[in-house]
Amino acid sequence: MDSLALGADLEPEPVVDEHSTVTLHVNGDPTTLTVDHRTTVLETLRENFGLTGAKKGCDHGQCGACTVLVDGRRVNSCLLLAVAQDGATITTVEGLADGESLHPVQRAFVERDALQCGFCTPGQICSAVGMLREAADGHPSHATGPETAATGPAALDADEIRERMSGNLCRCGAYPRIVEAIEDVIE
């Protein structure tokens with residue numbers, strides 16, 4: 001039997017649309033756009049919104065340069081598919097300030113000179129904002145002592161801050177100033 005004749009009874013595979021329409025609330029503004037199913041939140045922010053604060057560092061979720069807040073929680077935007085974030089509220093470093101007034105964490109980073117080249121700084125700042133909220137909500141970390149009740153805010157000393165910020169790398173080694181800047185915000 002002819003091999004071409006074997007496939008003659010098969011129906012052609014349906015064409016699958018590889019795009020979806022989503023609404024993202026980026027820095028307070030809802031925007032509806034069509035995205036490829038493979039596009040990450042990071043790529044969408046940079047390419048569709050022109051927001052270049054979040055950086056593509058490792059593209060594996062290991063360096064934290066792409067950290068943004070999604071529904072108030074810090075996330076690695078290089079790992080999130082935009083199509084899965086339909087309806088989500090996304091805050092980038094550009095959206096933290098209130099007009100000309102910097103967010104307290106942004107101000108502390110400037111005052112403490114908690115940066116060098118600046119590549120990781122937007123991710124560090126977004127991570128710090130999310131981390132402060134997590135601690136205020138009582139979420140423990142690996143460094144949180146077992147005697148700490150999970151019902152109240154977690155105390156943030158330098159060791160706790162370092163542990164909670166450990167997912168954000170700084171190639172320049174500005175870590176001491178980053179910890180100091182975060183300590184300034186919680187005092």
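Values below: every heavy atom of this structure, side chains too, minus hydrogens, waters and symmetry copies. Positions are given from 1, in the same order as the sequence printed here.
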A.B. asks: Decide whether a cation-pi geometry holds between Arg171 and Phe119; the criteria are a distance under 6.0 Å from NZ or CZ to the six-membered ring centre and an angle within 45° of the ring axis.
C.D. replies: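 Judged by the rule (NZ or CZ under 6.0 Å from the ring centre, within 45° of its axis), Arg171 counts as positioned above Phe119.
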A.B. asks: Any sub-3.5 Å donor-acceptor pair from Arg74's side-chain atoms to Leu69's backbone N or O?
C.D. replies: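 No; zero donor-acceptor contacts below 3.5 Å.
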A.B. asks: Is there a side-chain contact between Val185 and Ile182 (heavy atoms, below 4.5 Å)?
C.D. replies: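 Val185 does not reach Ile182 side chain to side chain.
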A.B. asks: Could you tell me which non-hydrogen atom of Ala88 sits nearest to which non-hydrogen atom of Val70, and how far apart they are?
C.D. replies: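 Ala88 and Val70 have their closest heavy atoms at CB-CG1, 3.9 Å.
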A.B. asks: Does Asn168 reach the main-chain N or O of Cys63 with its side chain, forming a donor-acceptor pair under 3.5 Å?
C.D. replies: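 Not at all, since once roles are kept as given, no pair shorter than 3.5 Å links the two residues.
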A.B. asks: Which heavy-atom pair separates Leu115 from Phe109 by the least distance, and what is that distance?
C.D. replies: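 Result for this residue pair: CD2-O, 4.1 Å.
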A.B. asks: State plainly whether one hydrophobic cluster holds both Leu51 and Ile125, where clusters connect Ile, Leu, Val, Met, Phe, Trp and Tyr through side-chain heavy atoms under 4.5 angstrom apart.
C.D. replies: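 Different clusters.
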A.B. asks: State, to 0.1 Å, how close Glu160 and Asp157 come at their nearest heavy-atom pair, and which atoms those are.
C.D. replies: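 Scanning both residues completely, I find the closest heavy atoms to be N-OD1, 2.8 Å.
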A.B. asks: How long is the gap from OG1 on Thr121 to CD1 on Ile178, to the nearest 0.5 Å?
C.D. replies: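 Rounded to the nearest 0.5 Å, the OG1-CD1 separation comes out at 6.5 Å.
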A.B. asks: Is there a chain of hydrophobic side chains (I, L, V, M, F, W, Y, each step under 4.5 Å between heavy atoms) that links Leu102 to Val129?
C.D. replies: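 As far as the 4.5 Å side-chain criterion goes, Val129 and Leu102 are not connected within one cluster.
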A.B. asks: Is the closest side-chain donor-acceptor distance between Thr23 and Thr32 under 3.5 Å?
C.D. replies: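 The criterion, which ignores hydrogens and geometry beyond distance, is satisfied for Thr32 and Thr23.
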A.B. asks: Measure the spacing between CG of Leu45 and CG of Leu80 and express it to the nearest 0.5 Å.
C.D. replies: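 Rounded to the nearest 0.5 Å, the CG-CG separation comes out at 10.0 Å.
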A.B. asks: About how many Å separate CG of Leu24 and CG of Asp86, when rounded to the nearest 0.5 Å?
C.D. replies: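 Between atom CG of Asp86 and atom CG of Leu24 there are 7.0 Å.
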A.B. asks: Side chain to side chain contact (heavy atoms under 4.5 Å, CB included) with Gln85: which of Val22, Val75, Val41?
C.D. replies: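 By the side chain to side chain contact (heavy atoms under 4.5 Å, CB included) criterion, Gln85 pairs with just one of Val22, Val75, Val41: Val41.
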A.B. asks: What are the two closest non-hydrogen atoms of Pro176 and Gly173, and how far apart are they?
C.D. replies: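 Smallest heavy-atom distance, with atoms named: CD-O, 3.7 Å.
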A.B. asks: Would Thr67 and Ser127 count as having a side-chain donor-acceptor pair, cut-off 3.5 Å?
C.D. replies: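 There is no such pair between these side chains.
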A.B. asks: Let's go through Met131 and Glu163 carefully: what are the C-alpha distance in whole Å and the side-chain angles of both, what is the deciding distance for side chain to side chain contact (heavy atoms under 4.5 Å, CB included) to 0.1 Å, and is it a yes or a no?
C.D. replies: CA-CA 10 Å; Met131 179 271 296; Glu163 170 61 28; over 6 Å; no
A.B. asks: State whether the side chain of Glu94 and the backbone N or O of Gly53 hold a donor-acceptor pair below 3.5 Å, judged by distance alone.
C.D. replies: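 Judged by distance alone, yes, a pair lies under 3.5 Å.
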A.B. asks: Are any of the side-chain nitrogens in Arg38 or Asp36 under 4.0 Å away from the carboxylate oxygens of its partner?
C.D. replies: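 Counted as a salt bridge, because a side-chain N and a carboxylate O are separated by less than 4.0 Å.
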A.B. asks: Main chain of Val105, side chain of His103: is a donor-acceptor contact present, judged purely on distance under 3.5 Å?
C.D. replies: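 Such a contact is found between His103 side chain and Val105 backbone.
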A.B. asks: In this structure, which one of Thr39, Val35, Thr21, Thr44 forms a side chain to side chain contact (heavy atoms under 4.5 Å, CB included) with Val83?
C.D. replies: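 Answer to the side chain to side chain contact (heavy atoms under 4.5 Å, CB included) test with Val83 among Thr39, Val35, Thr21, Thr44: Val35.
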A.B. asks: Hey, could you give me the CZ/NZ distance between Arg46 and Lys55, rounded to the nearest 0.5 Å?
C.D. replies: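 Going from CZ on Arg46 over to NZ on Lys55, the span is 6.0 Å.
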A.B. asks: Which heavy atom in Cys78 sits nearest to a heavy atom in Cys66, and how many Å separate them?
C.D. replies: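 Heavy atoms only, the tightest pair is N-SG, 3.4 Å.
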A.B. asks: Looking only at non-hydrogen atoms, find the nearest pair between Leu96 and Cys126 and report the distance.
C.D. replies: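 Shortest heavy-atom separation between Leu96 and Cys126 comes out as CD1-SG, 4.2 Å.
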A.B. asks: What distance do Arg164 atom CZ and Glu134 atom CD have between them, rounded to the nearest 0.5 Å?
C.D. replies: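 It is 6.5 Å, given to the nearest 0.5 Å.
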A.B. asks: Check whether any side-chain N or O of Gln106 sits under 3.5 Å from a backbone N or O of Val93 as a donor-acceptor pair, and report yes or no.
C.D. replies: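 Such a contact is found between Gln106 side chain and Val93 backbone.
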A.B. asks: Nearest 0.5 Å please: distance from the CG atom of Asp137 over to the CG atom of Leu132.
C.D. replies: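 Reported to 0.5 Å precision, the distance equals 11.0 Å.
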A.B. asks: Are any of the side-chain heavy atoms of His139 and Thr144 separated by less than 4.5 Å?
C.D. replies: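 His139 vs Thr144: side chains apart.
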A.B. asks: Establish, from distance only, whether the side-chain atoms of Asn27 and Thr91 form a donor-acceptor pair under 3.5 Å.
C.D. replies: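 No, because no side-chain N or O of Asn27 sits under 3.5 Å from a partner of the opposite role on Thr91.
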A.B. asks: Begin from the C-alpha positions of Asn48 and Thr31 and carry the test side chain to side chain contact (heavy atoms under 4.5 Å, CB included) through to its verdict.
C.D. replies: CA-CA 10 Å; Asn48 295 89; Thr31 302; over 6 Å; no
A.B. asks: Side chain to side chain contact (heavy atoms under 4.5 Å, CB included) between His37 and Leu81: does it pass, once the steps are laid out?
C.D. replies: CA-CA 7 Å; His37 292 166; Leu81 295 175; over 6 Å; no
A.B. asks: Hey, mind stepping through Leu169 and Tyr175 against side chain to side chain contact (heavy atoms under 4.5 Å, CB included) and telling me if it holds?
C.D. replies: CA-CA 9 Å; Leu169 303 179; Tyr175 298 116; 4.0 Å; yes
